[in-house]
Amino acid sequence: MKKLLVLLMVLVTVAGGMVFAAGASEVAATGSDLITVGYSQVGAESDWRTANTESFKSTFVEANGYKLIFDDAQQKQENQIKAIRNFIQQDVDYIVVAPVVETGWDTVLTEAKAAGIPVILSDRMMKLSDDSLYLAWVGGNFLKEGQDGVSWLNDYVKKAGRENEDLNIILLQGTIGSSAQVGRTQGITEGLAKNPRYKLLAKQTGEFTQAKGQEVMESMLKAYSDIDVVFAENDNMAFGAIDAIKAVGKVPGKDIIIISFDAVHEAFNKMIAGELNCAVECNPLHGPRVAEIIQILEAGGKVEKIMYVDEGVFDTSNAKEVLPTRKY
Ligand code: GYE
């Protein structure tokens, strides 16, 4: 029999600025006492997603007192709904969901509630008719990320002395209806609208994938001859856009300014190479954060309903020095 000593302070602050309230307790973990967690993952569409999956798989291991049932929904909501129903059938202790889109979850979460299984949301948010259908959410502040991207552009324009220039802008969006897309698009478009010099030529989804990002950028380059700035709602779409820009003989990072979101390892390499100008951070390492929530609940404690992770902004000026410290 193995005992896991879990010491929880009255107030524990964990990385990312989340604050929990809890009491001190001891959780016994034996073969049969493992906490079973079903994780419904969106898919494997990006480097961010791969890092997120790895974070859950390396956290929810037997040595830490867990049995993880992992399901990859391949970016399809119907697969996620099936997975959640499966978790309910298997009577897991906790259901964790990274929802592909915001809407359409009321029925299945009502089923989880009726079965008495707590639901924790991670990464993207849901829009529900009844917020008691989930216990807590932890993830990035997508609206703020979008705003931060525009602030970076504002600073760049000032420093480069381009204030009196009209700038033609393209927005490559993520999966339409996902809270990462909704928040970032809102932050970006509202921010751009404040400056009459910014002309948003077009916005279109690249589904958060490199291949689609490249394809959409190719068609944008055909439709518009004078693109100055590209916002890509994740790094992988920016990588695709970089390839498309090179293919028409333009220099990414110089002829066309590129701003992306996530700040994965490869984004730093691209910033060091001068091909990507700015990467707004979105931290995918939610495994330990969700585990912390579960441990507090197991100890009879309470957690905040909404927990945002602190995130930064990186660009070509600091990429080289920051890269060695990056964990994803
Ligand atoms: O930006 C993207 C991924 O939901 C924050 O999903 C996440 C987004 C992330 O595919 O790379």
Side-chain angles (χ1 to χ4, degrees), residues 16 39-56 71-77 79-80 96-103 105 120-127 137-149 171-188 203 205-214 216-217 230-242 258-270 276 278-287 289-290 306-314 326-328:
Y39 182 36
S40 170
Q41 173 63 296
V42 170
E45 72 282 4
S46 64
D47 291 11
W48 189 101
R49 191 62 56 196
T50 307
N52 179 261
T53 292
E54 174 50 30
S55 175
F56 275 83
D71 186 273
D72 175 340
Q74 303 184 339
Q75 299 240 64
K76 291 201 177 77
Q77 182 173 32
N79 290 345
Q80 289 203 284
V96 182
V97 189
V100 59
V101 289
E102 291 184 324
T103 55
W105 302 100
I120 297 166
L121 305 182
S122 172
D123 167 27
R124 301 178 185 172
M125 284 188 171
M126 287 183 186
K127 262 193 198 140
W137 170 88
V138 62
N141 188 334
F142 305 125
L143 175 64
K144 180 176 180 296
E145 289 169 7
Q147 293 165 340
D148 286 350
L171 170 55
L172 304 178
Q173 297 172 285
T175 303
I176 299 298
S178 69
S179 67
Q181 175 272 315
V182 172
R184 288 172 188 165
T185 297
Q186 188 187 337
I188 294 165
K203 55 183 189 328
T205 183
E207 308 283 357
F208 281 132
T209 71
Q210 182 156 342
K212 200 81 211 284
Q214 181 169 349
V216 174
M217 193 61 208
V230 173
F231 277 89
E233 286 180 2
N234 82 344
D235 288 337
N236 288 82
M237 291 191 296
F239 304 156
I242 286 170
I258 307 170
I259 300 157
S260 74
F261 297 82
D262 288 353
V264 297
H265 253 269
E266 186 54 20
F268 281 82
N269 292 331
K270 295 260 192 286
L276 176 68
C278 168
V280 179
E281 184 181 32
C282 181
N283 189 304
L285 307 179
H286 297 322
R289 298 187 179 109
V290 172
I306 302 289
M307 287 167 271
Y308 288 113
V309 177
D310 287 340
E311 294 164 333
V313 178
F314 306 102
R326 299 301 289 169
K327 296 204 170 60
Y328 59 92

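Read the numbers this way: they start at 1 and go in the same order the structure lists the ligands and their atoms. Note that the structure is predicted; figures quoted are calculated from it, not measured.
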*Using a distance-only test with no angle check, is there a side-chain donor-acceptor pair under 3.5 angstrom linking Arg289 and Asn283?*
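Indeed, the side chains of Arg289 and Asn283 share at least one donor-acceptor pair under 3.5 Å.
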
_List the residues meeting ring pair (Phe, Tyr, Trp, His ring centres under 6.0 Å) with Phe56, not counting sequence neighbours, and say none if there are none._
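Ring pair (Phe, Tyr, Trp, His ring centres under 6.0 Å) list for Phe56, sorted by chain: Tyr39, Phe60.
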
*Kindly tell me which protein residues have any non-hydrogen atom under 4.0 angstrom away from an atom of ligand 1, grouped by chain and ordered by number?*
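The 4.0 Å shell around ligand 1 contains Glu45, Ser46, Trp48, Arg49, Asp123, Arg124, Phe142, Ala180, Arg184, Phe208, Asn234, Asp262, Cys282.
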
_Heavy-atom side-chain proximity of Cys282 to Glu311 below 4.5 angstrom_ =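 Of all side-chain heavy-atom pairs linking Glu311 with Cys282, at least one is under 4.5 Å.
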
*Note, Glu233 side chain near Leu172 side chain (heavy atom, < 4.5 Å)*: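 They are not in contact (no side-chain heavy atoms under 4.5 Å apart), so the answer is no.
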
*Using 4.0 Å as the upper bound for N to carboxylate O, is an ion pair formed by Glu145 and Arg184?*
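Salt bridge present between Arg184 and Glu145.
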
*asked:* Run Glu266 and Arg326 through salt bridge (Lys or Arg N to Asp or Glu O under 4.0 Å) and show every step you take.
replied: CA-CA 11 Å; Glu266 186 54 20; Arg326 299 301 289 169; over 6 Å; no

